[in-house]
Protein chains: 2
Amino acid sequence: MPRATGTPSPRTTPDRIPLSRERVLRTAVVLADRAGVGALGMRSLARELAVDTMSLYHHVRDKEDLLDGALDLVIDEIVLVGDRPGWRPTLRATILEARATLKRHPWAKGVIVTRTSGTPAFLRYMDSIVGLLRDAGFSLDLVHHTIHVMGSRLLGFSQDLFDDPDHPPDPRVAAIGARQLAMTWPRVGELAIAVSHEGGLGGCDVDVEFEIALDVILDGLERMRAAD
Amino acid sequence: MPRATGTPSPRTTPDRIPLSRERVLRTAVVLADRAGVGALGMRSLARELAVDTMSLYHHVRDKEDLLDGALDLVIDEIVLVGDRPGWRPTLRATILEARATLKRHPWAKGVIVTRTSGTPAFLRYMDSIVGLLRDAGFSLDLVHHTIHVMGSRLLGFSQDLFDDPDHPPDPRVAAIGARQLAMTWPRVGELAIAVSHEGGLGGCDVDVEFEIALDVILDGLERMRAAD
DNA sequence: ACCTGAACACCGTTCAAGT
DNA sequence: ACCTGAACACCGTTCAAGT
């Protein structure tokens with residue numbers, strides 16, 4: 001016995017929030033946050049929402065659209081800073097804001113690198129950055145170079161080679177691995193031993209390294225701007 | 001009627017090269033080069049080799065091992081340059097060598113960003129780079145920073161945001177898209193129009209941009225070295 | 001002892017039968 | 001007209017039956 005819309009059934013069934021694209025995407029983010037992007041399947045997402053798998057396709061074109069939409073929600077979380085004096089502190093703070101946001105959603109980096117076109121929130125983000133630089137006197141040409149020099153660092157992450165950002169290795173296994181490495185590859189091994197805390201470098205703090213690299217690049221931008 | 005090993009059948013069946021890990025991995029590279037990493041499945045690879053799917057598991061632990069091995073062959077193709085005067089020209093030429101190699105195997109970038117541990121050829125490559133910098137007087141600390149500043153650029157590619165490196169867009173559609181973009185996002189749109197050739201910037205040559213960014217970063221390294 | 005085909009447990013998505 | 005369950009066409013991999 002179906003009822004008119006807007007009149008929820010008073011029976012034992014709990015009030016069902018109607019499915020919507022917004023609810024589908026928000027739940028996708030929550031699911032990926034909790035269990036990783038590998039757990040974000042159409043079937044598992046539907047189970048999470050307690051709906052039929054096929055009902056999802058009413059709000060989402062396909063899996064790609066689902067990932068685009070979930071990622072867009074994450075990028076939309078980045079709060080734009082606007083109260084800093086000068087382009088350099090503003091850009092630096094914005095990028096660290098983006099980094100903090102992506103840290104809350106560790107799966108997002110991996111999704112970003114598979115996307116081929118910008119989502120609305122990403123375009124909004126880029127528009128504010130381009131505007132910031134243009135207002136500071138950067139030429140179009142220089143803004144273009146800036147985007148290529150920065151690359152993924154604009155969104156707060158660097159594409160490091162062969163590391164698992166979600167699961168930092170146990171320092172003790174890292175130290176053992178570094179010593180084994182040194183047997184075959186003495187020079188990279190020496191470095192690994194140093195970085196794994198035994199050599200006095202005090203381990204590798206990726207956040208510190210990110211900021212160091214960011215400042216090196218910001219230095220470069222300032223010089224490019226002066227020479228432009 | 002099986003024959004002794006080494007005595008190929010003289011019948012209609014063509015001489016079968018016996019399956020080996022090497023042959024499996026080399027064929028995987030060829031298949032991915034031709035049809036993309038999406039076409040590199042256990043079943044399709046077996047078909048390419050004209051063997052049973054399950055026979056592959058005799059030479060490869062699983063799919064991850066297959067990807068690791070195929071990628072290792074690619075990285076092993078990078079020829080190390082050793083005849084340049086000074087660390088900066090040597091590093092620059094090595095990185096551009098790596099870029100040329102990855103360009104011959106467009107799928108490799110996408111595989112690299114999913115790997116979590118270094119393959120043998122990658123360690124050999126890194127060992128030569130660490131050695132180059134150490135021999136030039138870089139401290140361990142500075143080499144460590146260098147690796148983080150460089151990131152994926154060490155292997156000749158930058159992680160740009162939202163672009164499809166394999167399929168550069170048609171300039172004409174790009175120009176139309178840029179103009180549509182400018183309606184909603186004026187500042188990023190202005191840049192897109194300029195980059196899509198209409199504004200006089202002459203399009204976007206990713207190879208040129210890569211070298212510009214590389215030189216900016218190499219400048220930064222030289223300054224870090226001077227200050228160290 | 002070794003190889004291999006069928007089968008398992010998943011995917012994303014189509015499609016037509018059902019209400 | 002709308003929803004949805006079964007089914008399709010794929011995966012990577014296990015496992016036991018076969019030679």
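FYI, side chains are in, hydrogens and waters are out, and symmetry mates aren't considered; it's all heavy atoms of this structure.
Atom CG in B/Leu56 sits roughly 15 Å away from atom C1' in D/dT14 (whole-Å rounding). In this structure, the CG atom of B/Asp65 is 10 Å from the P atom of D/dT13, given to the nearest Å. Spacing between atom CZ of A/Arg61 and atom C1' of C/dT14 amounts to 16 Å, rounded to whole angstrom units.
Distances shorter than 4.0 Å separate some side-chain N or O of A/His58 from OP1 or OP2 on D/dC3.
Applying the side chain to side chain contact (heavy atoms under 4.5 Å, CB included) rule to A/Asp65 yields the partners A/Arg21, A/Val60, A/Arg61, A/Asp62; only residues at least two apart in sequence or on another chain are considered. Under the rule for a salt bridge (charged side-chain N to carboxylate O under 4.0 Å, His left out), the partners of A/Glu190 that lie at least two apart in sequence or sit in another chain are B/Arg134. In this structure, the salt bridge (charged side-chain N to carboxylate O under 4.0 Å, His left out) partners of B/Glu48, at least two apart in sequence or on a different chain, are B/Arg34. Looking at residues two or more places apart in sequence or on another chain, you find no salt bridge (charged side-chain N to carboxylate O under 4.0 Å, His left out) involving A/Arg43. Scored by the side chain to side chain contact (heavy atoms under 4.5 Å, CB included) test, B/His58 finds no partners at all (sequence neighbours excluded). Residues satisfying the side chain to side chain contact (heavy atoms under 4.5 Å, CB included) criterion with B/Arg187, sequence neighbours excluded, are A/Asp127, A/Val130, A/Asp135. With sequence neighbours excluded, no residue forms a salt bridge (charged side-chain N to carboxylate O under 4.0 Å, His left out) with B/Arg47. Legend: residues meeting side chain to side chain contact (heavy atoms under 4.5 Å, CB included) with A/Thr184, ordered by chain and number and at least two apart, are absent.
With both ends at atom C1', the span from D/dT14 to C/dG12 equals 23 Å, rounded to whole Å. Rounded to a whole angstrom, the distance from the P atom of C/dG18 to that of D/dC8 is 15 Å.
Counting only Watson-Crick or G-U wobble pairs whose defining distances are both under 3.5 Å, the stems of 3 or more consecutive pairs in DNA chain D are C:4-8 with D:12-16, C:12-16 with D:4-8.
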Donor-acceptor pairs are to be reported for all side-chain atoms of residues 95-103 of chain A against protein atoms at under 3.5 Å, with residues two or more places apart or in another chain.
from     : atom 1 : to       : atom 2 : distance (Å)
A/Arg99  : NE     : A/Asp207 : OD1    : 3.0
A/Arg99  : NH1    : A/Gly156 : O      : 2.9
A/Arg99  : NH2    : A/Asp207 : OD1    : 2.9
A/Thr101 : OG1    : A/Glu97  : O      : 3.0
A/Lys103 : NZ     : A/Asp207 : OD1    : 2.8
A/Lys103 : NZ     : A/Asp207 : OD2    : 2.6

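We find that B/Asp68 and B/Arg115 are joined by a salt bridge, their nearest charged nitrogen and carboxylate oxygen being less than 4.0 Å apart. Residues A/Asp76 and A/Arg124 are paired through a salt bridge, judged by an N-O separation under 4.0 Å between the basic side chain and the carboxylate.
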Sort me out a list of protein N/O and nucleotides 10-12 of chain D N/O pairs below 3.5 Å, or just none if empty.
from   : atom 1 : to      : atom 2 : distance (Å)
D/dG12 : OP1    : B/Lys63 : NZ     : 2.9
D/dG12 : OP2    : B/Met42 : N      : 3.2
D/dG12 : N7     : B/Arg43 : NH1    : 2.5
D/dG12 : O6     : B/Arg43 : NH2    : 2.9

Show the distances under 3.5 angstrom between N or O atoms of the protein and N or O atoms of nucleotides 15-19 of chain C.
none

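For B/Thr53 and A/Asp52, each mapped to the nucleotide of DNA chain D holding its nearest heavy atom, the one lying further toward the 5' end belongs to A/Asp52.
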